[in-house]
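Computed from a predicted structure; not experimentally measured.
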Amino acid sequence: MSTQAEHTTTNRRDFLFVATGAVGAVGAAAVVWPLINQLNPDASTLALASIQYDVSPIAEGQSVTITWRGLPVFVRHRTPKEIEEARAVPLSDLKDPATDESRVKEGHEQWLIMIANCTHLGCIPTGQAGDFDGWFCPCHGSHYDSSGRIRKGPAPANLVVPPYEFLSDTLVQIG
């Protein structure tokens, strides 16, 4: 049979193990937290997480370049001819197959919004240039069509479409 002294010693020992483990866990969390917290974006990045832009001054057939999160973004008001040409391209002709419909918002097909960095090495393509009436990157010769899809050259992928939504017919929020 166990004596009262042995039972008390066991309870004290169990308490010491639990208390030591809890202090160790809190200490480990205190050491790891700054390392994890440094991975969060800084305040200046969070401030630019989304922007609103009024597209009403952009004439049909015109493009503007704006800045979002430090990146250039093309906003293009496409003509009906450009939309028709983009939709007529067979997916088999594309290096990175994507339909025109998947790159624009329904009801706002005339507006094409893309990050303006070539997917090859990050250069900024020139607009309304190249073999496909879209964008041309003069650095290495990538050609994009009027939907921002890669058609020719070393770029591996289409120009990236950022997350965006139309708040009204003329106000778009990017991010």
- For Trp135 and Met114, what are the C-alpha separation, side-chain angles and deciding distance, and is it a side-chain contact (heavy atoms from CB on, under 4.5 Å)? CA-CA 11 Å; Trp135 288 265; Met114 306 171 299; 3.5 Å; yes

- Message: Within this structure, what is the CD-CD1 distance for the pair Gln38 and Ile36, rounded to the nearest 0.5 Å?
- Response: 10.0 Å

- Item | N-O pairing of Arg78 and Asp100 below 4.0 Å | yes

- Task: Compute both the distance and the angle, then confirm whether Lys105 meets the cation-pi test with Tyr164: under 6.0 Å from the six-membered ring centre, within 45 degrees of the axis.
- Result: yes

- Task: Please answer: with hydrophobic residues joined when any side-chain heavy atoms are less than 4.5 Å apart, are Val64 and Phe74 in the same cluster?
- Result: yes

- Query: Quick one: does Arg149's side chain get under 4.5 Å of Arg103's, heavy atoms only?
  - Reply: yes

- For Ile58 and Gln62, work out which heavy atoms get closest and say how close. CG2-O, 3.4 Å

- His120 side chain near His140 side chain, heavy-atom distance below 4.5 Å: yes

- Side chain of Thr119, backbone of Ala155: donor and acceptor closer than 3.5 Å? no

- Task: Starting from the C-alpha separation in whole Å, work towards a yes-or-no answer on side-chain contact (heavy atoms from CB on, under 4.5 Å) for Ser50 and Ile174.
- Result: CA-CA 5 Å; Ser50 68; Ile174 302 172; over 6 Å; no

- Query: Does some side-chain heavy atom of Ile115 sit less than 4.5 Å from a side-chain heavy atom of Leu159?
  - Reply: no

- Group every Ile, Leu, Val, Met, Phe, Trp and Tyr by side-chain heavy-atom contacts under 4.5 Å, then state whether Phe136 and Tyr144 land in the same group. no

- Message: According to a hydrophobic-cluster definition based on side-chain heavy atoms being under 4.5 Å apart (Ile, Leu, Val, Met, Phe, Trp, Tyr only), do Val160 and Leu94 belong together?
- Response: no

- Message: Taking the ring centre of each residue, are Tyr53 and Trp68 less than 6.0 Å apart?
- Response: no

- Task: Taking the side chain as every heavy atom from C-beta outward, state whether Pro72 and Asn117 have any atom pair closer than 4.5 Å.
- Result: yes

- Between Val89 and Arg151, is a side-chain contact (heavy atoms from CB on, under 4.5 Å) present by the stated rule, with each step listed? CA-CA 10 Å; Val89 175; Arg151 299 291 300 277; 3.6 Å; yes

- Full working for salt bridge (charged side-chain N to carboxylate O under 4.0 Å, His left out) between Asp131 and Lys152: CA-CA 9 Å; Asp131 294 348; Lys152 180 176 159 186; 2.6 Å; yes

- Task: Decide whether Leu71 and Leu121 are clustered together by the hydrophobic rule: side chain heavy atoms of Ile, Leu, Val, Met, Phe, Trp, Tyr closer than 4.5 Å, transitively.
- Result: no

- Query: Is there a donor-acceptor pair closer than 3.5 Å between any side-chain N or O of Glu82 and the backbone N or O of Thr79?
  - Reply: yes

- Decide yes or no for Ser142 and Pro154: does some side-chain heavy atom of the first lie under 4.5 Å from some side-chain heavy atom of the second? yes

- Are Val104 and Ile66 connected in a single hydrophobic cluster, I mean Ile/Leu/Val/Met/Phe/Trp/Tyr linked by side-chain heavy atoms less than 4.5 Å apart? yes

- Does NZ belonging to Lys81 count more than 12 external heavy atoms closer than 6.0 Å? no

- Message: Please give me the minimum heavy-atom distance between Cys118 and Pro125, naming the atom from each residue.
- Response: N-CD, 3.9 Å

- Query: So which heavy atom on Asn158 is nearest to which on Ala98, and how close?
  - Reply: ND2-CB, 3.6 Å

- Query: Who pairs with Ser56 by side chain to side chain contact (heavy atoms under 4.5 Å, CB included), at least two apart in sequence or on another chain?
  - Reply: Asp54, Thr170

- Among side-chain atoms of Asn37 and Asn40, is any donor-acceptor pair under 3.5 angstrom? yes

- Message: Do Asp96 and Pro156 make a side-chain contact, defined as non-hydrogen atoms from C-beta onward lying under 4.5 Å apart?
- Response: no

- Note on the structure: Shortest non-hydrogen pair, Pro80 vs Glu60, comes out as CD-OE2, 3.6 Å

Show every donor-acceptor pair shorter than 3.5 Å between a side-chain atom in residues 21-29 and any protein atom, with sequence neighbours excluded, or say none if there are none.
none

- Give the ring-plane orientation class for His143 versus Phe132, where under 30° counts as parallel, over 60° as perpendicular and anything between as tilted. perpendicular

- Message: Determine whether Asp133 and Gln128 satisfy the following criterion, side-chain contact (heavy atoms from CB on, under 4.5 Å), listing intermediate values before the conclusion.
- Response: CA-CA 5 Å; Asp133 296 326; Gln128 292 70 57; over 6 Å; no

- Message: Any non-hydrogen side-chain atom of His77 less than 4.5 Å from a side-chain atom of Val55?
- Response: no

- Which atom names give the shortest non-hydrogen contact between Arg87 and Glu109, and what distance separates them? NH2-CG, 3.0 Å

- Item | Main-chain N/O of Arg76 paired with Ser63 side-chain donor or acceptor, under 3.5 Å | no

- Item | side chain to side chain contact (heavy atoms under 4.5 Å, CB included) partners of Thr67, counting only residues at least two apart | none

- Item | Gap separating the OG1 atom of Thr99 from the CG atom of Leu91, nearest 0.5 angstrom | 6.5 Å

